[in-house]
Amino acid sequence: MFPETSARSRPSARRVREGAGLNRHGPPYTGPRDGHTFIEVIVVLLALSIITAVSAASLTTVTRLGRIAGDEAERLAARRTFALLVAWEVGSLMPGPDGLQLSADTFALRAFRGRGVVCAVGSTTRLNYRGLRAPDATKDSLLVLEGRTAEHTLPYTGGAWSPGSCVAPAGEQTLEVTTPGLDLHDIVLFFERGSYHIANGALRYRRGPGGRQPVTADVFVPDSTRLGLSIASKTWGIADTAGLDLRIATEPVPPSSAPSVWPLRVPIRNTRVPLDSATDSAT
Amino acid sequence: MSTHARGRGGSALLAVIAALVVAELLVLGLWRIAAGSVAAARESAAHDRMRIEAESALRDAIASWDEAATPAQPAGIWYVVPGSTRSAGSVHLAVEAIAVYRGVRLLRSTASVVANGGVRARAAAEASLSVVPADEFWRDFHSAVVSGGDVGIAAGDTVDGTNAGTPSPWTAAECPPSALPAFGPRPGLALAAGANLTGAGGTLAGAPPLLNGAARAAPSDFDRVGGVDAPDFRLIADRFETGSITLASASAGSACDTGRRGNWGEPAIPGNPCHDYFPIVYSASDLSIGAGEGQGILIVDGNLRIAAGVRFYGAILVRGLVDAAGAEVHGSVRISGTAGPSRLGGAFRYEECALERAFRLAPGLRRLYRVSDRWWLPSF
């Protein structure tokens, strides 16, 4: 295979192979490389195995961390929803007239779902309405705020949208109602009777005698999550306030084994202090 | 054979590329999860912040409400509260109001934001409050003295409803004729049915000098003043006083020092920083004024004693008895007490100039107050 040369000048096969990549002066060696393919395959397989193992471990770790983070995010979101919802529902209540009833894991109340201002009376009564949903005669009642008369309730007997019949501000729609007894410029709140429950680890809402629908994920620890009424003289110029004490406990976050507890006080603004029970209390 | 060698040489590179792709996908997945969490957190934070901003704006509007500075608005029409609209960065705030019943206002504040990343959030807060209609005060304080119980007047005492002139040392500068209701002569002493005048020798004047069976003199009529129920008196009060007090105005430079005890304004010195200060003063129990001068609207949930030499300009409601000796009251007095005769020693004159200034300038009648327990409304 090699041209005839002396033994001294003839390169060894090893040198030739080494020179194939390094010798810039001679032609590269392109001959066969018998006997090394298997080793390279082994090396490649080994490398692939390592990469696969590392990738799998990374994937497992990332998945686990993602699940933990997702669970924690769910707990935090449920906790926030719990607090905001209770604050919104309770903050504008009058505990007595609105029938606020508390136990450690339940509170029942008038749940306000809309507000209207009567804009026309006569042959028909119309009001400008804004709310969480459309009024529903099968669910709703009316609370007429104090004005010409003392505050009182009326049944909501139904109505139909009547666009353009009153000048409605942005976000409001004109509703023609069949309920008698409303006066011009009456402020009317639409409400339904409802109750919130901490059951099966979730905050649930029940309208009237209906089923309890979850409004949060089931992340609460029922034995540790509690509601309580607190009475305090917090005066800020307009009114004294009472408050609803929340103790929201969510499932433990590993590696902790104890529930994560979040105490919170939600003001009840429409309350004079003291209430009927003149001492601090928790029910 | 050389071609075969070149083909095998790329397998490791492919494996590395595949591994990098897998790693990249993992990173991208993590990034998307993190980005989603950040977006959700931003939205939650923006919503929470707007809720707080809306409630704060509503409270600001209530706290800074000045009915006298608010242009008259037709009932049933929403209007933007002057000075309530403002923008801070990407946050926009506005407070609107609508007049409904007499004096009642429904207020609605909205806060909205379009933050970086396109996060939009909006929240609102609503409250129903009231201003005190001044004409209700005019109806209540219709005579020099209105009493639900017996009243005693001795020689030298005067109860005068003639409503003539401007109280000294005031001039037309304080009471321009165009601002006055020009009622003309009013009753001097107006007594509830069954109440009696005792004593002799005093002077009664007015049209008529003595009115028996007067309107707004029944016991329940003293449970309200200006349309405000007794439990709410403290809500419209500018000052709280009780016990014994000496009246003296106090100023700090060119400002009236309204925090000083006993400062019920300065009626005697036009141009004084406290000359236009007409506080609503509320005493939850008996009150004794030992000396000095004051002005405004005084509400006493108990008995009132006024010593000789005390001068007062404005309206007084006493839900008990009055014991005055040598006092001077310019305006009108209502007394509910029936447990004994009230002693009206001194001069009690109906003067609409003093009443007009008190009803127009009392800070408590220019603010919003809670008309009923339900004032904070759910917002949608």
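By convention in this document, chain letters (A, B, ...) are assigned in the order of the sequence lines, proteins followed by strands, and residues within each chain are numbered from 1. Computed from a predicted structure; not experimentally measured. Only this structure's heavy atoms are used, side chains among them; waters, hydrogens and symmetry mates stay out.
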Contact summary for His185(A) and Gly76(B), nearest pair of heavy atoms
NE2-CA, 3.5 Å
Smallest heavy-atom separation, Leu377(B) atom then Ser92(A) atom, equals C-CB, 3.7 Å
Less than 3.5 Å apart, any donor N or O on the side chain of Tyr101(B) or Asp183(A) sitting next to an acceptor on the other?
no
Please check if the side chain of Trp88(A) supplies one atom and the backbone of Ser379(B) the other of a donor-acceptor pair under 3.5 Å.
yes
Does atom [atom1] of [X] have more than 12 heavy-atom neighbours from other groups under 6.0 Å away?
X	atom1	result
Arg260(B)	CZ	no
Arg120(B)	CZ	no
Arg122(B)	CZ	no

Proximity of residues 27-44 of chain B to chain A, residues having a non-hydrogen atom under 4.5 angstrom:
Leu30(B), Ser44(B)
Side chain, backbone, both or neither: which part of [X] has a heavy atom under 4.5 Å from chain A?
X	value
Arg108(B)	side chain
Glu126(B)	side chain
Arg51(B)	side chain
Ala75(B)	both

Measure [X] against the heavy atoms of chain B and call it side chain, backbone, both or neither at under 4.5 Å.
X	answer
Leu84(A)	side chain
Leu143(A)	side chain
Ile51(A)	side chain

Max heavy-atom pair count under 4.5 Å with chain B, selected residue of Leu184(A), Leu132(A), Val118(A), Val167(A):
Leu132(A)
Out of Val62(A), Leu145(A), Asp186(A), which one racks up the most heavy-atom pairs below 4.5 Å with chain B?
Asp186(A)
Pick out which of Arg269(A), Glu151(A), Met94(A) makes a side chain to side chain contact (heavy atoms under 4.5 Å, CB included) with Asp373(B).
Met94(A)
Criterion side-chain contact (heavy atoms from CB on, under 4.5 Å) on Arg374(B) and Asp98(A), from CA distance to verdict
CA-CA 10 Å; Arg374(B) 193 187 302 279; Asp98(A) 292 335; 2.8 Å; yes
Between atom CG of Leu189(A) and atom CZ of Phe380(B), what is the distance when rounded to the nearest 0.5 Å?
6.5 Å
pair Arg80(A)-Asp48(B): side-chain heavy atoms closer than 4.5 Å
yes
So which residues of residues 109-117 of chain A are in contact with chain B at a heavy-atom cut-off of under 4.5 Å?
Arg110(A), Phe112(A), Arg113(A), Gly114(A), Arg115(A), Val117(A)
